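Quick caveat: nothing in here was measured; it's all calculated off a predicted structure.
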Amino acid sequence: RFIQNNQNKLYTSGNNNLKDLIYTVFGREITANLLEVSASCPGVTITGYIGKPVIARSNRNYENYFVNGRYVRSNILSKAIEEAYKPFMMQHKYPFTMLHFQIDPQTLDVNVHPTKMEHFEDQHGKEHDSALSVNRGVSQPPVVNPHFRRVKRHSLSTDEYMKGILEGNITILSQAITLVESLRSDHYAQAQEIIERCLPHSGRSIRIGITGVPGAGKSTFIEAIGNMVTRLGHKLSVLAIDPSSERSKGSILGDKTRMETLVHNPDVFIRPSPSAGSLGGVARKTRESIILCEAAGFDVIFIETVGVGQSETAVHSMVDLFLLLQIAGAGDELQGIKRGIMEMADMIAINKADSGNERRAEIARSHFANALNLFPMPDSGWKPKVYTCSAVEGNGLPEIWNGIEDFLKFTKQNGYYQQNRNRQSKYWMYESINEALRESFYRNERIENEIERYEQLVLANQKSSFVAAKELLTLYFDSIKR
């Protein structure tokens with residue numbers, strides 16, 4: 001027999017008083033005149049409710065109890081409750097319709113497993129054998145592993161970073177690059193010290209920038225020529241720059257997944273980095289990453305840009321050779337004579353010259369070669385050459401690497417190689433000044449407090465953008481003077 005009060009209260013205001021209560025019995029409301037009878041034993045208080053007998057639709061020996069505000073099946077009550085139940089029933093010979101057990105947790109240790117009201121079969125047994133019955137499902141596992149413990153990573157000292165980098169430990173090298181790319185002010189000082197100590201061990205590698213339109217096959221080309229370079233006895237580092245979203249500010253960093261065979265090469269280190277809003281196709285700290293890789297013993301460094309097109313020229317100011325990767329049919333003859341990235345390229349390679357595309361690739365090669373004749377001679381004195389290749393089939397890759405070696409040999413002989421590196425160092429000195437000034441401006445406490453108010457004034461057309469910028473700069477310089 002099972003009776004549930006529709007108000008979830010099963011107690012009266014006193015003993016031996018008649019009171020009318022409404023109960024829900026198998027979905028039907030029934031009114032019963034109940035008389036409360038209570039008894040106590042150590043740890044258990046039992047209240048019996050006497051009234052008109054309620055006949056269930058089953059003859060099974062089955063009862064439910066209301067224990068500490070929850071409905072509990074009689075077969076899971078502890079032995080202590082059963083011992084209190086027997087003398088109570090012998091003392092009171094009434095046709096109880098429900099028993100209310102109040103447990104004292106300080107006296108008894110009762111292991112009670114309440115059933116859930118929404119499961120009909122849990123509350124009423126299986127007297128209704130039907131295919132529509134709902135059985136209890138599997139309990140939901142926890143979302144987070146309860147045994148998981150977050151272990152705080154040990155912060156390496158500058159000496160530990162240097163020791164790992166000079167030994168060629170790519171794990172510590174990756175952590176050092178992460179430290180350099182960090183925007184945290186407490187990481188900046190240590191990162192600059194690491195770069196300063198790595199400078200005497202840098203400058204001995206071949207720096208090659210590889211750019212091209214999206215879909216030109218830059219990652220596949222790097223994988224193919226990278227495996228060939230390591231077979232020649234070189235150690236290769238690939239710094240792949242991935243574009244960051246202007247909306248979410250996130251980056252997939254998926255270039256490494258395309259280099260399936262190169263990632264397993266023990267002589268290759270691949271580091272994908274987000275552009276993080278930096279213009280020119282490179283990351284904010286790509287040049288510093290080059291210094292760390294050179295100190296770790298890598299003698300060939302490939303820098304793969306994001307592939308944005310003709311404005312992707314910042315990489316030219318940090319490499320020894322600038323390789324432009326093109327594909328056949330990506331534009332007309334006019335595309336080849338446009339200024340910008342074309343006149344900065346030291347070498348052009350027409351990729352995907354395979355699968356019946358050889359003729360179109362050869363036509364594209366002749367168009368670009370004719371366009372290069374219209375450009376003035378570069379400062380290096382080297383006339384750029386155009387090659388065709390297939391990164392998938394490996395055709396033309398040895399000729400491209402031989403062309404790279406010829407270019408480096410030529411520029412070292414005429415002095416342009418060292419002159420170009422000196423010019424790049426001067427350029428990045430000014431770039432570092434600009435970046436430091438920008439960081440100092442936006443992290444200034446007075447600017448942080450006022451810049452949002454000036455934004456609202458500009459948006460409300462109460463101040464022009466130029467006047468707001470001038471006043472903010474004035475506030476910044478005044479705060480520095482103080």
Side-chain angles (χ1 to χ4, degrees), residues 205-213 215-238 258-259 261-262 265 267-268 298-305 307 315-316 319-331 335-336 341-373 375 377-378 380-414 416-417 420:
S205 70
I206 302 171
R207 307 170 185 174
I208 301 174
I210 300 176
T211 187
V213 297
K218 295 186 294 296
S219 299
T220 308
F221 174 81
I222 289 175
E223 180 182 31
I225 199 171
N227 286 321
M228 185 189 72
V229 167
T230 56
R231 287 194 295 269
L232 296 175
H234 296 283
K235 290 189 66 177
L236 172 65
S237 174
V238 179
R258 294 193 180 106
M259 308 174 190
T261 60
L262 199 62
N265 194 324
D267 296 325
V268 177
F298 295 97
D299 58 346
V300 177
I301 297 179
F302 288 167
I303 304 172
E304 179 190 358
T305 66
V315 67
H316 183 263
V319 296
D320 302 320
L321 182 141
F322 193 35
L323 173 62
L324 176 61
L325 210 61
Q326 294 280 24
I327 53 176
Q335 197 72 26
I341 198 171
M342 279 288 299
E343 61 184 356
M344 290 186 176
D346 300 307
M347 182 181 296
I348 299 177
I350 311 299
N351 194 19
K352 301 184 180 181
D354 50 25
S355 302
N357 198 38
E358 294 86 350
R359 183 174 179 275
R360 295 178 61 190
E362 188 62 31
I363 294 175
R365 188 197 67 79
S366 62
H367 286 168
F368 281 106
N370 293 333
L372 290 174
N373 292 327
F375 292 161
M377 182 64 68
S380 62
W382 173 270
K383 184 178 180 180
K385 297 181 180 180
V386 186
Y387 299 88
T388 60
C389 67
S390 170
V392 175
E393 298 179 356
N395 301 327
L397 297 181
E399 290 78 7
I400 292 177
W401 184 250
N402 291 334
I404 293 174
E405 291 181 334
D406 293 341
F407 171 83
L408 295 173
K409 181 179 179 181
F410 178 82
T411 54
K412 286 181 179 180
Q413 289 177 351
N414 64 9
Y416 175 78
Y417 181 88
N420 181 46

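- Side-chain contact between Trp401 and Leu232 is present, with at least one heavy-atom pair separated by less than 4.5 Å.
- Rounded to the nearest 0.5 angstrom, Ile222 CD1 and Leu262 CG are separated by 8.5 Å.
- The CZ atom of Arg360 lies 12.0 Å from the CD1 atom of Ile350; values are rounded to the nearest 0.5 Å.
- Within the 4.5 Å cutoff, the side chain of Phe221 has heavy atoms near those of the Leu323 side chain.
- No hydrogens or angles considered: nothing links the side chains of Asp346 and Ser380 as a donor-acceptor pair under 3.5 Å.
- A donor-acceptor distance shorter than 3.5 angstrom exists from the side chain of Asn227 to the backbone of Glu223, with no hydrogens or angles considered.
- Taking the side chain as every heavy atom from C-beta outward, Met342 and Phe368 approach each other to under 4.5 Å.
- Between the side chains of Lys218 and Asn351, not a single donor N or O lies within less than 3.5 Å of an accepting N or O.
- Atom CG of Asn395 and atom OH of Tyr387 lie 16.0 Å apart (nearest 0.5 Å).
- Between atom CG of residue Leu325 and atom OG1 of residue Thr220 there is a gap of 9.5 Å, rounded to the nearest 0.5 Å.
- Contact of the Trp382 side chain with the Asp406 side chain is registered, since non-hydrogen atoms from C-beta on lie closer than 4.5 Å.
- Between Leu397 and Cys389, the closest heavy-atom pair is CD2-CB, 4.3 Å.
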Item to check | Pair Val319-Ile303, side chain to side chain contact (heavy atoms under 4.5 Å, CB included): steps then yes or no | outcome: CA-CA 8 Å; Val319 296; Ile303 304 172; 3.6 Å; yes
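- Leu408 has its side chain within reach of Ile206: a pair of non-hydrogen atoms, C-beta onward, lies under 4.5 Å apart.
- Considering only heavy atoms from C-beta on, Ile348 comes within 4.5 Å of Gln326 through its side chain.
- Atoms CD1 and CD1, on Ile225 and Ile400 in that order, are 5.5 Å from each other to the nearest 0.5 Å.
- Of all non-hydrogen atoms in Glu304 and Ser219, the two that sit nearest each other are OE2-OG, 3.0 Å.
- Residues Ser390 and Ala353 approach most closely at CB-O, 3.9 Å, considering heavy atoms.
- When all heavy atoms of Ser205 and Ile301 are compared, the closest pair comes out as OG-CD1, 3.7 Å.
- With contacts defined as side-chain heavy-atom distances shorter than 4.5 Å, the pair Val300/Phe302 qualifies.
- Looking at Asp267 and Thr230, their side chains never bring a donor and an acceptor atom within 3.5 Å of each other.
- Salt-bridge annotation for Arg359 and Glu362: absent, with no side-chain N of the basic residue lying under 4.0 Å from a carboxylate O of the acidic one.
- Between the CG atom of Leu372 and the CD atom of Glu343 there is a distance of 10.5 Å, given to the nearest 0.5 Å.
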